[in-house]
Structure formats: C-alpha cells, structure tokens
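No hydrogens, no waters, no symmetry mates; every other heavy atom, side chains included, goes into these values.
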Amino acid sequence: MIVYHATKSDFRDDVFEDRIETKILDFFKKHLNRSTAANEISSWRESMQYMERVLRDDGIPDNCGVAIEYQLPQSGKRVDFILTGSGENNIEYCVIVELKRWSEATLSTKDAIVNTRVGKHFGEFTHPSYQAWSYASLLYNFNATVAEDKINLQPCAYLHNYVPDDVMTNDHYKEHIQKAPVFLKGDAAKLRDFIKQYVKYGDTSKILYRIENGKIRPSKMLADSMVSMLKGNTEFVMIDDQKIVYETALALSQKATSNKKKVLIVNGGPGTGKSVVAVNLLVELTKRGLVVQYVSKNAAPRAVYESKLTGSLKKGEISNLFKGSGGFVNTKPNTFDTLIVDEAHRLNAKSGLYSNLGENQIKELVSAARCTVFFIDEDQRVTLNDIGTLQEIKKWAGRADVEVYETELSSQFRCNGSDGYLAWLDHTLQIRDTANPTLEGIDYDFRIFSSPVELRDAIVEKNKINNKSRMVAGYCWEWNSKKDSRLYDVVIPEFDFKMKWNLTADGSLWIISPESVNEIGCIHTCQGLEVDYIGVIVGADLIVRDNKVLTHPAARAKSDKSVFGYKKLIEKNPEEAKATLRSIIKNTYRTLMTRGMKGCYVYFADKEAEEFFKSNI
C-alpha cells in the first residue's frame, strides 16, 4: 500500500505549497481509518522539504515516480521515500531512502545497532543503513514483480539533521554502509549524485504501480526453512526490533558466566517473529560453539522442526537441539551456555506425566544455563497450569540472584502484517479497548461463515494451493474417535457436519501432514505454528449476550485438561477464578484466530456471537 504517489514535479509542487503533510494525513484517515501522531506529521513536513531540495536538479527527470510511506508486503513496516525511474540500457531502478531526523548517536558494540534519542526515549535502534537494506530485502523477498521484472533496488539513508562524526559512519558499521550508503547533514549533493547514478530517465513504465499491484510471493514458513538455516543460510532478514532482540541475546550469551548468569525476557504478540528470532539464535550460538538448546513446553513446534530436519541431521544431533520444558528437573546447574525458551507463557510449575516432578520449570531452566532467553506473550496463556508470566520469571531469577533484562518485539509479520487486525480482534473479544473497533481499511482476509460446512469447503479450497490451510476448533467436543475410530468428534447435527480431532494419526505433526486438512486441530497442536489460512470453529464456550462477550467453561469437553479443576477454584475464590477462566478462553480463541498469515475464516456455534462479530466488521 502506497500512502502518497506522485511524479517528481507534483511532489515538488505539494511541498512548495505546504500541503504535502496534509495529503499524506488525508490518505491515512481515508484509507487506514486512523490518524497518526503529531511528531510523525511534523517529520513528514520537515523531511520532505529536505528531499525536495535534493531532487532540485534537471538531471533527475520531472516524471520520475515518488512514493511516500510505502507499506512493505506481509509486514506493518513502511518505507519512508522511494524514487523510481530508469537508467542506462532501460534498467529500472527503485531508490529507497530511509529518512531520519536524528541529531546525535553513540556507538554500540552490537552489530548494526546504534544508541540514539527518538522523541523522549534514548535507547537502541538499528543503524539507518541496515534498516534501509533490510527493508529493500523484504521488498525483494516478498514482491515477485521486483524479481521477475528485474527492478533494481538501491537503498540508502539520509539523516539531514545529523552533523558528521565518528559514530554514524564508523568502521563498525562498514558492512551495512556498503550495502546502503548513509548521507548526513551537508550531504545533499552527495545523495543527489547517488540518485543520479541510477535514475536518469523518468518512470514511463509505471514501476510503482506494478510493484503496488504485483504478485506477492508465498510467505516463508519457519519450519520449511530449518534445514537451510542450520546450514548457515540466511532465510529471514531480521528488521528493527527483531535485530535488536537478536543482538541483545547474542551479547548476553557471550557475557554470561556461572557466577554472573543472565536472563532475557522477550515480550511479543502473535506474528512478531518470536520463533524466527529464537531459531536464528539457536543456529548462530551453535555455530559459535556454545552449548545451546531450543526449549518449548508445547510438543507441536518441536515435532514439526525435528520432522523437517530428519534426513539432514543425525537423530542424536536433532535431539540435542530441541527439548521439552519438563526435561530439566535433574539437570546440573550451568550445564548449558544458553537455553532458548520459546512460548514460555506455556511453562508449568511441575513436570512429568502426572505433574509430580520438580519444583518449578522456570527455576529449573534458570539453574540449568548461564543465560536463559524467555520468549513470552501473556495473552497466549491458555490453560490453568500455564505459569509463564513476566512476574513469575522475574521472581525465580531474583531468587537465584540472576540479572534480568527485558525487551520487546512489536513488528508484525503474520495476519498479512496487520497490527490493525490484532488490535481489532482484542477489541472485539473485549480483551482490551483499542483504536480499531472495525476492520475498515485493514488488509486481512477475515470472513464469517454461517455454516461449518461452508467454512470447511473454503479451507479445503485454499489448501489446494500449497497445503498450508487448516481447521481448528475450541475444545468443546469430546474425543470419541480416540477409543473408536469409526466415530466422529466435532459433530454439528443441524448442518450434517462431522469431523475428527487430529491427534490420532498425525499427533503433533498434524499441521504439516498432507491429509490433515480433513481433521480438526486444537490449541495444543497449532500454538507456536502458522499456516496461510486458518478456519476456526468457535464453540459454545464463547458467547455474546447484550453485546457483552462472555465465556462458558462448562461448555468445554470433559476431557479438556486446560480448565481441569476450575469448579474447585470457583468455590475457593469465585471472582478471581472467573476472571482467570475468561482470560484462558478468550486467549485460546485469540491464539487460534491469529494462526493464519493471510486469512482467518470463522464459524460461531453461538448465533449472537456470530451477529456481534459481523456487526463489528
């Protein structure tokens, strides 16, 4: 999506007439159904004046294309400024300019990271050259038109307020500056010459239009890229906060000792790249010769990753990389250099089949490693036994006298990169109030079906594309087929609908099994994983009455262990128990409804819930 698109001459007029920021803001309000912060509006006004001066040269044709705030495919990130045109031999070019109003920075020892002030916040940010290059890489990787039409991307950064010093152009950042030159205050002529190297003629072939309306490449699945990553290949370009978290974790892993242990807590919602960063850390730390393991309480992600690696690594090597969270009860202190704990919100207190081993999984993980990295999203705690909260991790780290660091992932790479969809979902489920009460202007394929049969047909049709569409449901139906394979589990008689739960044949590998589109998954076999399209059957445990989203734990199947023992909890402390149950059930559907990278299709057992969700679209 392009917020502003014009020729160079029209852009120049808009800046000269002091209407550039108004035009950009009007687009935001009209197409995105929202405004933006005052500091962003002022940054448009200031930065575009500098770019207009740079383009004041007859050597840069008036009919070049100018795009401002282009949203990158499959992400919530936007490119500040793009200039399009052609060069010698009719080669098409896209010059990508990352604009910054920074005026000061200090060096960081971390790769591609600088310390600077943005607004009132002084902290770590990616070097502008790395940011420009990473955005260009995302555009190339996701937009098939760029590759197929051989459109050349030339990234750079322009810090028009930054007085040259030994920080921004330091040799520490040389590798990134070579990929994307950085221009500082007084470098307008140099930036102009950089542009003129490539753009000599106008954009007569509608480069921006073709990119905007071009084919989007299929999203990479983390599991599919595991083998290549472990061979040292770069499969996922980490951007902005992902890069900062990654470099922070690497630095802490290198510094940690048995006497000065470290804990890093990484907060991140669905689709922010927690697992991508976790697996990249696993690969890099292993490459550096450290003893490291990827840990998850949920068996499904481990099983899928291990399945993808089978045949490329020996069984012993695979088992040394992945482990369940209950496997550290008897581990000696500091056995590992680093433990990477994904989906840490799912950790339990006790381990073992009967939950009778050990004292606390967080305590055991912190003890077992010099550095422990916890990736958490408290809004994905979906059982009464889930204890992985920020407070709980801090408590056990404090008792062990371990230094705790906190950081956050916010960049969105699932749900078509739409932060708006996630905000709308939270708002509609009444988890929290957000600025997105409707889906207007949000680019994500969300549909409500009045029939589970129609929902299933739609998912089966999507699955024909690449076997990356699945159906899931709330655990409101008993697992009858476990004892008698002739029986069905999820049965909705009024629609003559019947399907089986997934665990019998495929177990934790359900999400990648070729025939599993004909079965229904649950929270335990899809959490931490992703598909292109997810179909969700919302059971009678989530209902709406008088426009209030309510939960009904009694509608859960008796075999569902996630709320096992809730009646006793209600007897002891009714209000606290009810609040916890509301959170678990809403979190379950929030998690299920964010597994799809491109779309989510839903059927509601409760008709009032169906109408309520429809009214909020």
Side-chain angles (χ1 to χ4, degrees), residues 73-74 141-144 147 215-230 233 235-236 270-271 273 275-276 279 296 298-312 318 322 413-417 444-447 449 452-473 481 488-490 497-537 591-603:
Q74 305 294 336
N141 289 336
F142 280 123
N143 193 301
K215 292 185 294 183
I216 302 302
R217 295 187 192 214
S219 304
K220 285 182 180 179
M221 297 295 181
L222 178 59
D224 295 338
S225 304
M226 287 291 291
V227 174
S228 178
M229 292 171 71
L230 285 169
N233 299 317
E235 289 290 332
F236 296 88
S275 295
V276 166
V279 173
S296 72
N298 200 353
R302 299 198 315 272
V304 170
Y305 298 158
E306 290 171 10
S307 172
K308 294 292 183 179
L309 293 173
T310 300
S312 299
I318 296 173
F322 303 97
F413 287 90
R414 195 180 289 153
C415 304
N416 210 24
Y444 185 66
D445 188 5
F446 180 84
R447 304 185 203 177
F449 290 80
V453 176
E454 293 175 2
L455 169 63
R456 178 178 58 195
D457 291 346
I459 290 297
V460 168
E461 192 61 31
K462 288 293 185 184
N463 193 60
K464 291 177 181 177
I465 300 171
N466 56 4
N467 189 39
K468 290 181 179 176
S469 298
R470 293 292 182 272
M471 285 186 66
V472 293
S481 65
Y488 288 87
D489 306 307
V490 183
F497 177 89
K498 52 186 180 181
M499 291 181 72
K500 294 181 180 181
W501 287 119
N502 63 277
L503 283 168
T504 306
D506 302 311
S508 296
L509 294 175
W510 160 80
I511 206 163
I512 59 172
S513 178
E515 299 301 320
S516 64
V517 71
N518 299 311
E519 297 174 334
I520 291 186
C522 68
I523 187 68
H524 307 298
T525 48
C526 73
Q527 192 169 18
L529 298 167
E530 58 199 12
V531 291
D532 278 351
Y533 291 88
I534 195 74
V536 183
I537 295 179
T591 303
L592 292 178
M593 293 166 74
T594 54
R595 296 306 92 193
M597 298 184 75
K598 296 181 179 179
C600 174
Y601 300 166
V602 186
Y603 166 79

K.L.:
Could you tell me which non-hydrogen atom of W501 sits nearest to which non-hydrogen atom of G521, and how far apart they are?
P.N.:
CZ3-O, 3.5 Å
K.L.:
Short question: side chain of N463, backbone of V517 - any donor-acceptor pair under 3.5 Å?
P.N.:
no
K.L.:
Nearest 0.5 Å, please: how far is NZ in K598 from CG in D532?
P.N.:
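Between atom CG of D532 and atom NZ of K598 there are 4.5 Å.
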K.L.:
Could you measure the distance from the CD atom of Q527 to the OG1 atom of T594? Nearest 0.5 Å is fine.
P.N.:
9.0 Å
K.L.:
Between CD1 of I459 and CD of E454, what distance do you get to the nearest 0.5 Å?
P.N.:
13.0 Å
K.L.:
Answer yes or no: is there a side-chain heavy-atom contact under 4.5 Å between I537 and F497?
P.N.:
yes
K.L.:
Side chains of C526 and L592: closer than 4.5 Å at any heavy-atom pair?
P.N.:
yes
K.L.:
How long is the span from the CE atom in M471 to the OH atom in Y603, to the nearest 0.5 Å?
P.N.:
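The CE atom of M471 sits 10.5 Å away from the OH atom of Y603.
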K.L.:
When rounded to the nearest 0.5 angstrom, what distance separates CD1 in I511 from NZ in K468?
P.N.:
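These two atoms lie 11.0 Å from each other.
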K.L.:
Can you find a pair of side-chain heavy atoms, one from V602 and one from F446, that are under 4.5 Å apart?
P.N.:
yes
K.L.:
For the OG1 atom of T525 and the CD atom of E519, what is their distance to the nearest 0.5 Å?
P.N.:
9.5 Å
K.L.:
For the residue pair C600 and Y444, establish whether any side-chain heavy-atom pair is separated by less than 4.5 Å.
P.N.:
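When only atoms from C-beta onward are counted, Y444 and C600 do touch, with a gap below 4.5 Å.
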K.L.:
Which pair of heavy atoms, one from I534 and one from G596, lies closest together, and at what distance?
P.N.:
CG2-N, 3.7 Å
K.L.:
Quick check against the 3.5 Å criterion: does R595 have a side-chain atom that pairs as donor or acceptor with the backbone of V531?
P.N.:
no
K.L.:
For S513 and R470, work out which heavy atoms get closest and say how close.
P.N.:
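Heavy-atom minimum between the residues: O-NH2, 2.9 Å.
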